[in-house]
Structure formats: C-alpha cells, structure tokens
4 protein chains.
Amino acid sequence: MGGSGASPGRRPQRSRDPEARRAALAAAAIEVIAELGIARTTHRAVAARAGLPLGATTYYFPTLDDLVAAGLALATEALRAELRSWAGRLDTAEDLPSALVRLVEEYLTDRRRVRLEYDLYLAAARDPTLRPLAEAWLHGFRDLLEPRLGPEAARAVVALLDGAMLQALVTGIDLDSPALTTAIRRLANSRS
Amino acid sequence: MGGSGASPGRRPQRSRDPEARRAALAAAAIEVIAELGIARTTHRAVAARAGLPLGATTYYFPTLDDLVAAGLALATEALRAELRSWAGRLDTAEDLPSALVRLVEEYLTDRRRVRLEYDLYLAAARDPTLRPLAEAWLHGFRDLLEPRLGPEAARAVVALLDGAMLQALVTGIDLDSPALTTAIRRLANSRS
Amino acid sequence: MGGSGASPGRRPQRSRDPEARRAALAAAAIEVIAELGIARTTHRAVAARAGLPLGATTYYFPTLDDLVAAGLALATEALRAELRSWAGRLDTAEDLPSALVRLVEEYLTDRRRVRLEYDLYLAAARDPTLRPLAEAWLHGFRDLLEPRLGPEAARAVVALLDGAMLQALVTGIDLDSPALTTAIRRLANSRS
Amino acid sequence: MGGSGASPGRRPQRSRDPEARRAALAAAAIEVIAELGIARTTHRAVAARAGLPLGATTYYFPTLDDLVAAGLALATEALRAELRSWAGRLDTAEDLPSALVRLVEEYLTDRRRVRLEYDLYLAAARDPTLRPLAEAWLHGFRDLLEPRLGPEAARAVVALLDGAMLQALVTGIDLDSPALTTAIRRLANSRS
DNA sequence: AATGAATGAGGGTTCATTCAT
DNA sequence: TATGAATGAACCCTCATTCAT
C-alpha cells in the first residue's frame, strides 16, 4: 500500500543533469561498498555519500541491486583501465619480473581500493553478478603475461601474485618484493 | 496418575548442559555464516539452526557479535585441525609437490567450507576480529612447508596455492593439478 | 539488509498477555478496515488504534495480510453471531415478513458495521480471502429462511433484502419497511 | 538535408489535441480502477495505461483525485448509456420479466465491468464523489420499470435484481434465470 | 503547453536487544 | 537459569506532487 505524500511544502530540487546524478550515485555506491561491504550498503548511505536526497537513489535505480550493480560496473571498468595501464608499462619494461612486482607494489598502495576489488573478486564465488569483475581481473591479468611468458607460466604467475596480494591485504604487511621477483623468475623460466 | 518424579506444571527449560548449548549455538552460527555470510547472520537464524529458543542466543552470547565470534573461533579451530592433518600426511609423502596438490584438491572438494574460510580470511583485511583465523591459515600453512622447503620457497608456494585456491573458488573451475605441481616444483628448487 | 537497532535505551514493555494482544490487534484491524477500507489499512494505523507499539503488529502477525485476515475472521464470526441471533428471533416470530424487515431495520441501525460488512462482502468478488465471510452471510441468511419459505422463495427473499440493504447503505435513505414487507409476502406466497 | 517544416532540435510534445488527451487519461483511469481498485490507482499506472508521459496526468488533472473523478464521470456516463439501451430493448419486449432477466444476464457477461460498477456503487456509501454514479444506476433502473410496473413493484424489482447481481458477482455463480423470472413476476403482479 | 526530474513522506518488514516472568 | 514477549530503529521501496526546462 505504497506511501503517498500529503502536501510536502517547498522543496529545493537542484541539479538537472540526470547523467551526472546517475554517475554520482554509482560512484557513491562503490565508495560505500568499499567502506561497508555490499551487504551493508543502503540507499541512505549512498544518498548521503553522494550528497543527494534519498529519493534520488530509487529514482535513478529502481532497486538497491541496480544501484549496487551500477557501482560494480564502475569498479569493473576501473579494474580494466588499471590493467590497460599495466599493459602499457609492461610493454616497455626490460625485466618483466621486477616490473611486474613494481606494478603490484604500486597497486597495493591504495589499500582501500585493493580491498574493495578483492572483496568483490572473492564475492564472485557466491554472487554471479560479480563474475564479470572477477573475469576482468583474472583474464585481463593473464592475457597481460601470456605473450611474454606463455600460457603455463602466465597462469602460475597470476596465481602467485593473486595469493601474494591477498596475503598482503589480509596481514597488512608489505610485499617482500625481492623474494617475489625471484619466485616469478623461477616460474617464468619454464620458457627457456 | 500422580506418580513421583519432579512435579512443577511449567518449566520449559530443557537442556541442563550449558556448555553443550553454547557449543551448539557456536556451531549453528558458523553454519549460518557459511550459508548467508556474516552480514546476514541473525540471532533468529542461528537459534533456528541450533533448534534452540531465540532467548538462548542472547542468554549465552550478550550480543550478536559475540555469537559470531564464537562461530569464528570454531572455524579457526577447524582450520588448525585441518592443517594438523595435512602435516601428518605430508610427513609421510615421498613427493612433496604432488602430495601438496592432492591435499589442496581434496580440500577444495568441500566448496562450501572453502568459501567460508576464504570469506573469513579475506574479511580479516577489514575486521581485526578475524586476524586469528587468517594467521592460523597463513602461518600454519607456511610452517608446514618451511622444514622441507626453507622459508623463501615456503612463502612462495603458500602464495601460489592461496592464489590458485582463490581462483578455483571464484571461477568454479577445478585446479589444473599437473601445472600446479610443476609450478611448485620450480619454486621449490630454490633449495637445490 | 533489514534494520537492526543500536542501543535503544529504556523501553517500557507492558502487557504480558499475548492472547489479549492478538485479540486487541485483530479488533483494531477490523475497526481500521471499517474506517478506511482494506486498502488503506496499515500496520501503523492498527497499532495506533490498538494503543500498541508498531512492532507488536508484526510480532503477532508476520505480514499485514495476516493481520487483516485476523480482523476478517473476527468480522465473519460477528456476522455468524448476528445470524444466529436472527434465527432465534425468527423462530418465535408470528409473522415472518414483518419480523424479517424489523431485523433488517435494526441491523441497518449500525451503519458503520453494515458498511463494513457489505464492503467485505463485495470485496469477495475480487479477493478469495473474503469468500468465507461472503458465504457466511449468503448461506447463513438463506438457511435461516429455507425452513419457513422453501428454497426458491428463500433465495428470492435473500436477494431482495440484500439489494434493499445495499441501496439503503448507498443512498443513506431508510428502508421503506411496509413496501418491503409486502414484497416479501408476495415472494413468500410461492408456498401456498 | 535541412528541409523546410518546423525546426527546433527538441520538442517532445506529441499530441496537439488536449481534449483527446484528457479523454484518454480519463479512460485509462477507469481501466486502472477496474483492474486495481481506486486505492491502488496511481498517476504512473494511468499514464502507462494511456501511453502518455507521467507529467501529462498532473498537467491535465491537478491531483490524483481529479483524475480519478474524471474516470468516474466516464463510468457514470457508460452506465447511463447502458440503461438507455435497456430502455430501448424493454420497450419492445413482450414479456417484461424474462426480458429483464435476459438483460441482466447479458450485463453480467462482462464480469470486469460489473465488478467495477458495483465497486463504485457501494463505495458511494463512503465517498460522496460517487453519489452521481450510484444515483444514475438506482434511479435510472427504477425509472425504466416504473412506467410498466408502478412505483412499488419497480422498487422491489430493482432491489431484487440488485441483490441477485451482487450475489452473482460475489459467488461467481450464474444467475438462476427461471427462478429470478418467477420472482419478478410475483413482485410485478401487484399491478393486477 | 508539456515533460520528466526531483523530493520526502509513508508503508511493509526485519531484527538486535531488553526484560518480565 | 531460561525464555519468548516486547519495542522501535532502520531498511527498501512507492508515489503524489512540485517545478525547472
């Protein structure tokens, strides 16, 4: 028996740039997800974060799931962009293993972001909605290395780095870069 | 009629074994967490799963967090036990890499459990409560391998397997055991 | 992502007579329905009418439909009781037609109640939930008259009175009792 | 390219026939009311049904009540038209009772419409807005019969048929036409 | 004149927690 | 000691209405 609303009096009604509002909400959504996790993400939290009224969330996104999905799409795109930038930087790298470790180190600098992305990545184990993001990461990363390492080593290195990042995230301890570089080198030698 | 025995007309209390009830609740909690995730775990769900009255949850665990923590402690202990069993089996293994992969393969058989443990493992990045579990896994696993591989290789192999399991979980695809075995072998060769 | 409730402070927590509360809620529900109609009946309105906190409504009745159904059950029972009283009074009546009209006249005295009952009666055309109430009325009324008028005339008289009451309700004009009595007499003569 | 004609890049307005739009909205309103009931009738539902933009509803009808009222006026007019057609057909009928029952039977064929009209008819007991519709039915029907049956019998027959239709609607059972015809005949005999 | 963006009140429901019994 | 009744905050979502464009 949905609500109605008697005589609401005066209401401001700002903006008028729907596209910007959609984007702002999606951005706010991903921030809230990063902070509280998907399960604690609410319309209210997203609206507050975006500095928009509550009604805006449901106006632009019929359900909370839609809102969350918009946030996830944003995160997925950011991940893809990240990987594209890695690709560029690895192309010009002389020593792949050390360049790779440098990239990962840098990536881990933004702890909040990494935590978000791994959260979503793992959550894909439960929630099919998140598969695209997980695949973006997994395949994107792998495709990055395959041309230089071959399929076998590429997979192994991706797993190694995935594990290392996960551990860094969980423990809060920085990567042991030299050791990691050595390990990558060992896995990569399959080629030779 | 009449008979002997106790007597009062009303005394709903069943169990007389408080410790057993605590344990039952903790066990139910971890099951609910495994099924719904921490965020969706409620008093009611745990009570229902344990077959105990709602009041029992707050009676034995002042807050929901306490109840969840009890579940987590249980999960941590289960993880430790798992690792102990691995230790026993690795001791008698001839070929460490293949034995290790076999263990991991088996472990991945119980998808639900693995998902739970990785959920909690990753959640430790956010929630200090979960550190003990994360450490139990990380150090326990590492300690398992160090005697045979040395510290450097042990860490690398743990990272590799952590990443491989994470990926198996997320993609739903089984491990590529031969490739994984090869990779471990390469990392382990640091010794020689 | 259901609500929770941080630290609610002190709360009164009255009563302790669940059965009484259930009944009070059902009674309040039927009153609200009588006043606003089913479609405008809300948890909040029922709780307010019953002088109980909002949470009581959902505590005793999982959904609003359940609450409404409880109200309807009450109304149905009241209707049955009304018909039983009619039965008693018709048994001792010398002249059936005029006794019948007198009953109907009296019944129409409580406009609010009649409006409620006809509302629900008609609503049964849409909502199967209300069938029991409609049948209680229709069959109860018919069964009342059959022994004295036979099946054919009983049906006709019930239809006539149903229509007359409906019209009185809608127009707000009192029954034309003498005319109605005459009409009943004519329909009843089928016997002779 | 370029061409002649109007020109502005943006001018979404379609129809140029305001009256037609008003009518379309009123028609859509009555359809929605028939389907969902007054209480569930919303701007959005009406706009969607009319294939018009949301803004059109409030543009042509300041409030939802106005929109609903417009629908009701339409329904009232339809009811009047129905009764006019009945008048024509009864004029040429040889046997009034059976002709009348035939008309009612036919009318009941369109269950949705009858339900709508009785809904509104009964709702008039609560909502003065609906009086015109109720009166249209009641007096229109009565006026139809009075010339042939006299005032007394006409009223009785209208009540009888009103009740019979109500019951058919509520129970979903078809009219018992022969019995009804007989009853009408009995009520009509007052003349002779 | 016409539209759809904007807003917030309200409504159903869930649940942590408190507490009388 | 043990239980389930009690409460209200918070949640998601719908929608009348207002208003910039």
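Lettering follows sequence order; numbering is per chain, from 1.
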- Task: Quick one: list whatever passes side chain to side chain contact (heavy atoms under 4.5 Å, CB included) with D:A123, sequence neighbours left out.
- Result: D:L130
- Message: Can you tell me if C:H43 touches the phosphate of E:dG12, counting only side-chain N or O atoms and a distance under 4.0 Å to OP1 or OP2?
- Response: yes
- Partners meeting salt bridge (Lys or Arg N to Asp or Glu O under 4.0 Å) with C:R44 (sequence neighbours left out): none
- For atom CZ of C:R40 and atom P of E:dG10, their distance in whole Å: 14 Å
- Query: Atom CG of B:L52 to atom P of F:dG4: distance rounded to whole Å?
  - Reply: 10 Å
- Partners of D:R115 by salt bridge (Lys or Arg N to Asp or Glu O under 4.0 Å), sequence neighbours excluded? none
- Between A:R21 and E:dT7, does any side-chain N or O lie under 4.0 Å from OP1 or OP2? yes
- Query: To the nearest Å, how far apart are A:D17 CG and F:dA20 C1'?
  - Reply: 13 Å
- Query: Considering the options C:V46, C:V32, C:T42, which one meets the side chain to side chain contact (heavy atoms under 4.5 Å, CB included) requirement together with C:L67?
  - Reply: C:V46
- A:R22 to A:Y59 six-membered ring, cation-pi geometry met (6.0 Å, 45°): no
- Item | Test salt bridge (Lys or Arg N to Asp or Glu O under 4.0 Å) applied to C:R126 - qualifying residues, sequence neighbours left out | D:D119
- Query: side chain to side chain contact (heavy atoms under 4.5 Å, CB included) with C:L116: which residues, sequence neighbours excluded?
  - Reply: C:I30, C:I33, C:A34, C:L120
- Item | Closest-nucleotide 5' rank along DNA chain F - winner of B:G55 and B:Y59 | B:Y59
- Query: Between which residue ranges does DNA chain F form stems of three or more consecutive Watson-Crick or G-U wobble pairs, both distances under 3.5 Å?
  - Reply: E:2-21 with F:2-21
- Query: Does B:E35 have any salt bridge (Lys or Arg N to Asp or Glu O under 4.0 Å) partners at least two apart in sequence or in another chain, and if so, which?
  - Reply: B:R49, B:R112
- Task: For D:T58, answer base if it contacts any base atom (sugar-phosphate contacts may also be present), sugar-phosphate if it contacts only those atoms, and nothing otherwise; contact means non-hydrogen atoms under 4.0 Å.
- Result: base
- Task: To the nearest Å, give me how far apart CG (D:L25) and C1' (E:dT3) are.
- Result: 13 Å
- Quick one, which residues of residues 60-73 of chain D touch DNA chain F with a heavy atom under 4.0 Å? D:T63, D:L64
- Using whole Å, report how far CG of C:L54 lies from P of E:dC15. 15 Å
- Residues two or more places apart in sequence or in another chain: which of them pass side-chain hydrogen bond (donor to acceptor under 3.5 Å, both in side chains) with B:Y118? B:D162
- Item | Base F:dA10 paired with A:R44 side chain (donor-acceptor, <3.5 Å) | no
- Query: Hey, does B:T41 reach any base, or is it just sugar-phosphate, or nothing, if we go heavy atoms under 4.0 Å?
  - Reply: sugar-phosphate
